[in-house]
Amino acid sequence: MDERAAPAAVEACSLERTYRGVAGQPLRILKGLDLRVDPGEAVAIVGASGSGKSTLLHLLGALDRPTGGSVRIGGTDIAELDEQRAAALRNHRIGFVFQFHHLLSDFTAIENTMMPALIRGDDPGSARARATELLGQVGLADRCEHKPQELSGGEQQRVALARALVNRPLVVLADEPTGNLDAARSEEVQDVLFELRDRHRVALVVATHNHEMASRAERVLGLIGGVLEDV
Ligand SMILES: Nc1ncnc2c1ncn2[C@@H]1O[C@H](COP(=O)(O)OP(=O)(O)OP(=O)(O)O)[C@@H](O)[C@H]1O
Ligand SMILES: [Mg+2]
């Protein structure tokens with residue numbers, strides 16, 4: 001039993017993920033990995049390409065199921081959830097940010113930002129108000145009615161950050177969020193990401209090859225040989 005009263009935002013214990021190779025052979029990617037991230041804490045995951053960073057984020061976000069060990073989000077063991085309840089947990093408690101923004105091209109910045117709140121069943125008025133507030137916080141108050149193709153790459157990614165926060169998640173999982181941006185745009189997105197973390201006291205797990213971004217986190221962990229090590 002953990003002596004700390006509040007549950008971790010996200011916690012992995014003895015986490016394993018083994019894929020099947022094309023010839024059916026086991027590919028052991030995660031080999032009994034442990035991780036605890038508290039509310040408001042930022043952790044960077046670094047490691048070579050293919051080391052399993054995206055695999056780990058998918059498991060932490062209940063997008064994939066472990067082959068061993070457990071994942072808890074806000075104290076809830078995802079193994080206890082059927083797919084419908086796992087989807088609800090993803091929508092309510094987790095914000096995802098990927099390398100590519102995955103905004104819907106037919107919808108404006110504000111509609112994209114509101115979308116997870118509408119899916120959850122919030123009334124459109126409060127979803128719009130929250131989305132407006134968040135787009136202001138990411139510096140896009142004057143771009144609300146733009147569609148993704150009318151925004152720059154950095155602006156698109158800032159809309160994705162606003163969308164990730166709209167349902168007041170416990171944890172934001174960001175997989176190479178600046179991987180597609182030039183240095184100046186990357187720095188802007190990093191600034192906004194960490195400002196949002198501070199303002200909303202959300203836990204942040206960011207997988208990145210970017211050393212500058214990693215150095216902004218309280219802890220930097222290397223995914224090496226299927227487990228996490230302090231680096
Ligand atoms: N669905 C899958 N089936 C089989 N193997 C997979 C599957 N998904 C990932 N892998 C393998 O698992 C390993 C880890 O992949 P992963 O995408 O997690 O690495 P990564 O650390 O995120 O790499 P990068 O830095 O390039 O994004 C790779 O060798 C990959 O080929
Ligand atoms: Mg990856």
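Counting convention: from 1, in listed order, for ligands and their atoms alike.
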Closest non-hydrogen atom pair, Glu155 against Leu140: O-CD1, 3.5 Å

Glu150 and Lys147 ion-paired at < 4.0 Å: no

N-O pairing of Arg216 and Glu212 below 4.0 Å: yes

Does ligand 1 come near enough to [X] that some N or O of the ligand is less than 3.5 Å from an N or O of the residue?
X: Thr55; value: yes
X: Gly50; value: yes
X: Gly47; value: no

Close side-chain approach of Leu223 to Leu30, heavy-atom, < 4.5 Å: yes

Any side-chain heavy-atom pair of Met114 and Arg163 under 4.5 Å: no

Verdict with supporting geometry, Asp34 and Ser14, side chain to side chain contact (heavy atoms under 4.5 Å, CB included): CA-CA 5 Å; Asp34 295 308; Ser14 306; 4.1 Å; yes

Under 2.8 Å: N/O/S of Ser49 next to the Mg ion (ligand 2): no

Test item, His209 contacting ligand 1 (heavy atom, 4.0 angstrom): yes

Heavy-atom protein neighbour under 4.0 angstrom from atom 31 (O) of ligand 1: no

Is_contact(atom 9 (C) of ligand 1), protein non-hydrogen, under 4.0 Å: yes

Proximal ligand 1 atoms for Ala48, defined as those under 4.0 Å from one of its heavy atoms: 21 (O)

Nearest-option assignment for atom 19 (O) of ligand 1, heavy atoms, candidates Gly52, Gly226, Gly21: Gly52

Any idea which protein heavy atom is nearest [atom], and the distance to it?
atom: atom 24 (P) of ligand 1; answer: Ser49 OG, 3.6 Å
atom: atom 25 (O) of ligand 1; answer: Lys53 NZ, 2.7 Å
atom: atom 27 (O) of ligand 1; answer: Ser54 OG, 4.0 Å
atom: atom 2 (C) of ligand 1; answer: Tyr19 CD2, 3.5 Å

Does the side chain of [X] pick up a donor-acceptor pair with the side chain of [Y] at under 3.5 Å?
X: Thr67; Y: Tyr19; result: no
X: Asp175; Y: Ser54; result: yes
X: Glu80; Y: Thr76; result: no

Proximity of Ala207 to ligand 1 by residue part, where a heavy atom lies under 4.0 Å: neither

